[in-house]
**Student:** 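Quick one: the structure is below, and I'll ask about it shortly.
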Amino acid sequence: MGGGFCRGKRKANLVARDMRNGNKQNVPELADWGNYMEAKRLKLLDQFHNSEVKRISNIFEGISIFVNGLTRPPADELKNLMAAHGGEFHMYQSSSTTHLIASNLPNVKIKNLGRVPIVKPSWIVDSIAMGKLLDFKRYLLYNNQSRTQPRLDFTVMQKTTGSKVPVQATSNGIAIPHEQTNMEVPSPRNQDHTEIENKSAIDNKGKGISKTAADPSFLQEFYQNSRLHLISTLCAEYKDLVNKLRETSDGHFPGKDKLIAKKAEGPRAFYPSFASVVMHIDMDCFFVSVALRKRPDLRGKPLAITHARNGRLANENSHRGAEFKLWEHLEPGEKVDIGDRDSMSEIASCSYEARKSGVRNGMFLGQAIKLCPDLKTQPYDFEGYKEVSNILYRTIASYTLDIEAVSCDEMYVDVTKLLKETGLTVEEWATHIRNEIMEATGCPCSTGFGANRLQARLATRKAKPAGQYYLQADDVESYMTDIPLSDLPGVGRVTLSKLSNLGLSTCGDVQMKSLSFIQALLGKKAGQTLKDQARGVDSRPLNFTHERKSISADVNYGIRFKKLEECYTFLQSLSDEVFNRMSAVNMTAKGLTLKLLVRAPEAPVNICWLNMHVAHGIYLYGEHNAGRDGSKV
DNA sequence: ATCCTCCCCTAC
DNA sequence: TAAGGTAGGGGAGGAT
Ligand SMILES: Nc1ccn([C@H]2C[C@H](O)[C@@H](COP(=O)(O)OP(=O)(O)OP(=O)(O)O)O2)c(=O)n1
Ligand SMILES: [Mg+2]
Ligand SMILES: [Mg+2]
């Protein structure tokens, strides 16, 4: 990485990775990222850069600063300045801290800070310039009420020489506060395609070539077809919806009120005051169920939702098909295993009939058809998913807002109060709500109940499809022993293989092992969690409100740059995208990471991967696991 | 002791 | 025609 200002700092990264061995290497053409920022350094500071610190004065005697996050000048420089002028410097808060130095602090953090004054870094610089300690009160970052939260400023640069990355992230709101910045307002997300874009789409179609990321409309088109993008987006939306409904609630729940009225006479269930009941609710094979509303003739058949039409072979116009075709032309010695020419179209959701043959969500179509030759497919219906999700959430919200949104087809609900107030038994409530959702959406769902979220979730698994189950406290112990470890949330492919290598396959097996044994295998936290889970214990509360910590955009599909210019064009769209999402939720940020993966030398097609990630708060890193689990990157 | 960076892993 | 996104928990190992 070039550029001193970025160096070693949490600022911006551009990394290329050899996918085969995981080595990191710099990308020379792109490493000039930091030069722009470097040019902005104060001349005053240059003398300390890369040199031994000499004591110049004692004006900061007794002052101990804690630098939080990104500052201008950066922490490096402040450290040198403090040392040169008799002060103490820390990168984190300690008991000796007298001043907190920050250019930009997220609200979350401010709340957590004690009485230490938050001071702009210019206090240090100006004091040195004046040769005496100035009154820090004139440099407070926030003057009590009016906080002007500085922003990460995405300034879109003109593409000129091609020697600069066309996007900068700067955090410069303090020295020159700018409520209204000169940020370019990006065009709306669903804008009409321009003539040029349309033309290029037609050209691509005409040539039978799939669009690549070099195409300016690639990103929007990709998003319109990516089900993973859709469910990620919806997930964030529903978490937000719950937040908003809770904020604006008048405490009035029509669904609940109707239930109370209906139950006015008749026996009421008794609930001990201490017992809380958690409900987990999840749509059955969600995408499939939405499709079946319009295709009742396919009910009862093995069915999968996927982009590909029926067929085992990857279409040669698809990326996978093209990859295979290219591979065929290699010399025998050059060939690496890229698998059969099966369709690598992913199955988003499959019916329970298909599951009987071993088909699973997330499986490639080619593999699934081998397991289940009768498998039918149906296309996606993004609007349908939104409609059903919306009804699901609105329906539950008419009973209670003690909801933790998990995804577009799933949530946890604390129904303790609801059951008490309505006098319904768990069974009565479950039947009622499942019927209501079925009637309103035409789609079946299942519900599970327990004393905590884990128990509720395991109960849903048992209930599926189209069922309900209450895992009662007395039954938990015996219920858990036979539960496969793979059923536990948080136990995925890697964890499962670690466990099964040691002959552990059920919760009962884990119960017999010591805590330290499991922790040595999985790590401290994961080990403790698993030991608890194996007994049905889960102390994590439901989180009804949610604060997003980061925003990121990744594309790991169809990236085949031939020229650096194409890479810049795509970076431009990615940064526009991240910026749009940030402005949409009015989020400010402290930093930015940018990542690039390049193809493994032996990979048959030049595909690379890009990620852009912006975080609000402390952590900011984008990550992807491409290149492992057999994918060809 | 606590934080940071760079990951790995998981869920939907 | 395919569309391998996204957010968060957490660990290893180094810095402070
Ligand atoms: N690898 C995956 C997993 C899920 N989904 C989408 C399609 C699913 O229909 C939806 C909900 O995921 P679930 O895990 O709830 O799975 P289903 O609803 O399909 O089935 P189940 O009845 O097991 O809940 O998310 C996906 O696109 N890709
Ligand atoms: Mg589901
Ligand atoms: Mg689900």
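So you know, we letter chains A, B, ... as the sequences are listed, proteins then strands, and number each from 1.
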**Student:** How close or far is atom P of B/dT10 from atom NZ of A/Lys525, stated in whole angstroms?
**Tutor:**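 Atom NZ in A/Lys525 sits about 18 Å away from atom P in B/dT10.
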**Student:** Describe the nucleic acid contact of A/Asn361 in one word from base, sugar-phosphate, nothing, applying a heavy-atom distance below 4.0 Å.
**Tutor:**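 No contact.
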**Student:** To the side chain of A/Ser345, which of C/dT6, B/dC9, C/dA3 is closest?
**Tutor:**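 Comparing C/dT6, B/dC9, C/dA3 against the side chain of A/Ser345, the answer is C/dA3.
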**Student:** Could you tell me whether A/Thr495 contacts a base, only the sugar-phosphate backbone, or nothing, with contacts defined as non-hydrogen atoms closer than 4.0 Å?
**Tutor:**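 Sugar-phosphate contact only.
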**Student:** Please report the C-alpha distance between A/Thr447 and A/Asp282 in whole Å, then the side-chain angles of each, then the deciding distance to 0.1 Å, and finally whether the side chain to side chain contact (heavy atoms under 4.5 Å, CB included) criterion is met.
**Tutor:** CA-CA 7 Å; A/Thr447 56; A/Asp282 187 298; over 6 Å; no
**Student:** Of A/Leu230 and A/Gly523, whose closest DNA chain C nucleotide lies nearer the 5' terminus?
**Tutor:**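 It is A/Leu230 whose nearest nucleotide is closer to the 5' end.
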**Student:** Verify the contact: side-chain N or O of A/Lys549 to OP1 or OP2 of C/dG9, cut-off strictly under 4.0 Å; return yes or no.
**Tutor:**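 Yes, within the criterion.
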**Student:** With a 4.0 Å limit, can you tell me whether A/Arg227 has a side-chain N or O closer than that to the phosphate oxygens OP1/OP2 of C/dG4?
**Tutor:**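 Yes.
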**Student:** Does A/Ser232 reach a base, just sugar-phosphate, or nothing at all? Heavy atoms under 4.0 Å.
**Tutor:**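 Since a base atom lies under 4.0 Å of A/Ser232, the category is base.
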**Student:** Could you please name the option among B/dC9, C/dG5, B/dC12 that lies closest to any side-chain atom of A/Ser407?
**Tutor:**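 Comparing B/dC9, C/dG5, B/dC12 against the side chain of A/Ser407, the answer is B/dC12.
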**Student:** Choose from C/dT6, C/dA3, C/dG11 the nucleotide whose nearest atom is closest to any side-chain atom of A/Arg581.
**Tutor:**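 Among the listed nucleotides, the one closest to the side chain of A/Arg581 is C/dT6.
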**Student:** What is the separation between atom CD on A/Gln224 and atom P on C/dT1, rounded to the nearest whole Å?
**Tutor:**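 The distance from CD of A/Gln224 to P of C/dT1 comes to 17 Å, rounded to the nearest Å.
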**Student:** Given atom CD of A/Glu237 and atom P of B/dC12, what is their separation to the nearest angstrom?
**Tutor:**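 About 19 Å, once rounded to whole Å.
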**Student:** Got a sec, which residues hit ring-ring contact (aromatic ring centres under 6.0 Å, His included) with A/His307, two or more places apart in sequence or on another chain?
**Tutor:**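 Listed in chain order: A/Tyr380.
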**Student:** Between A/Glu237 and A/Lys386, is there a side-chain N and carboxylate O pair less than 4.0 Å apart?
**Tutor:**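 Here A/Glu237 does not pair with A/Lys386 in a salt bridge, since their nearest N and O are not under 4.0 Å apart.
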**Student:** Just compare C/dA3, C/dA7, B/dC12 and give me whichever is closest to any side-chain atom of A/His546.
**Tutor:**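 Nearest to the side-chain atoms of A/His546, counting from C-beta on, is C/dA7.
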**Student:** What's A/Phe287 touching, base or sugar-phosphate or nothing? Going by heavy atoms closer than 4.0 Å.
**Tutor:**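 No contact.
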**Student:** Could you check how far CG of A/Asn543 sits from P of C/dG9, rounded to whole Å?
**Tutor:**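 From A/Asn543 CG to C/dG9 P: 9 Å.
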**Student:** Between A/Asp538 and A/Arg457 (salt bridge meaning N to carboxylate O under 4.0 Å), is one present in this structure?
**Tutor:**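 Judged by the 4.0 Å cut-off on N to carboxylate O distance, A/Asp538 and A/Arg457 do not form a salt bridge.
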**Student:** Please give, in whole Å, the distance from C/dG5 C1' to A/Phe382 CZ?
**Tutor:**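 In whole Å, C/dG5 C1' and A/Phe382 CZ are 11 Å from each other.
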**Student:** Answer with yes or no whether the side chains of A/Ser345 and A/Thr306 bring together a donor and an acceptor at under 3.5 Å.
**Tutor:**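 Yes, A/Ser345 and A/Thr306 have a side-chain donor paired with an acceptor closer than 3.5 Å.
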**Student:** Starting at CD of A/Glu221 and ending at P of C/dT1, how long is that distance when rounded to a whole Å?
**Tutor:**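 So the two atoms are 14 Å apart, to the nearest Å.
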**Student:** Select one nucleotide: of C/dA7, C/dA3, C/dG5, the one nearest the side-chain heavy atoms of A/Leu228.
**Tutor:**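 Within the option list, the nearest is C/dG5.
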**Student:** Nearest to the side chain of A/Ser550 - C/dG8, C/dG11, B/dC9?
**Tutor:**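 So the nucleotide nearest the side chain must be C/dG8.
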**Student:** Distance check: side-chain N/O of A/Tyr223 vs OP1/OP2 of C/dT6, anything under 4.0 Å?
**Tutor:**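 Yes, such a contact exists.
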**Student:** Report the residue (A/Gly527 or A/Glu346) whose heavy-atom-nearest nucleotide on DNA chain C is the more 5′ of the two.
**Tutor:**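 In this pair, the answer is A/Glu346.
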**Student:** Would you classify A/Leu488 as touching base, sugar-phosphate or nothing, given that sugar-phosphate means primed atoms plus P, OP1 and OP2, and contacts are heavy atoms under 4.0 Å?
**Tutor:**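 Sugar-phosphate, no base atom in range.
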**Student:** Who pairs with A/Tyr385 by ring-ring contact (aromatic ring centres under 6.0 Å, His included), at least two apart in sequence or on another chain?
**Tutor:**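 Counting only residues at least two positions away or on another chain, A/Tyr385 forms a ring-ring contact (aromatic ring centres under 6.0 Å, His included) with A/Phe286, A/Phe287.
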**Student:** Scan A/Ala236 against the nucleic acid and name what it touches under 4.0 Å (heavy atoms): base, sugar-phosphate only, or nothing.
**Tutor:**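 The residue A/Ala236 makes no contact with any strand.
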**Student:** For A/Leu530 and C/dG9, what is the distance between atoms CG and C1' respectively, to the nearest whole Å?
**Tutor:**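 Between C1' of C/dG9 and CG of A/Leu530: 15 Å.
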**Student:** For A/Ser446 and A/Asp284, which I'm curious about, is there any donor-acceptor pair between the side chains at under 3.5 Å?
**Tutor:**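 A donor-acceptor contact under 3.5 Å links the two side chains.
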**Student:** Using OP1 and OP2 only, check whether a side-chain N or O of A/His229 sits under 4.0 Å from C/dT6.
**Tutor:**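 For C/dT6, OP1/OP2 do have a side-chain N/O of A/His229 under 4.0 Å.
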**Student:** What's the closest nucleotide to the A/Arg548 side chain, out of B/dC12, C/dT6, C/dA7?
**Tutor:**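 Among the listed nucleotides, the one closest to the side chain of A/Arg548 is C/dA7.
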**Student:** Could you give the CG-to-P distance, from A/Leu521 to C/dG10, as a whole number of Å?
**Tutor:**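 Distance check: A/Leu521 CG to C/dG10 P gives 17 Å.
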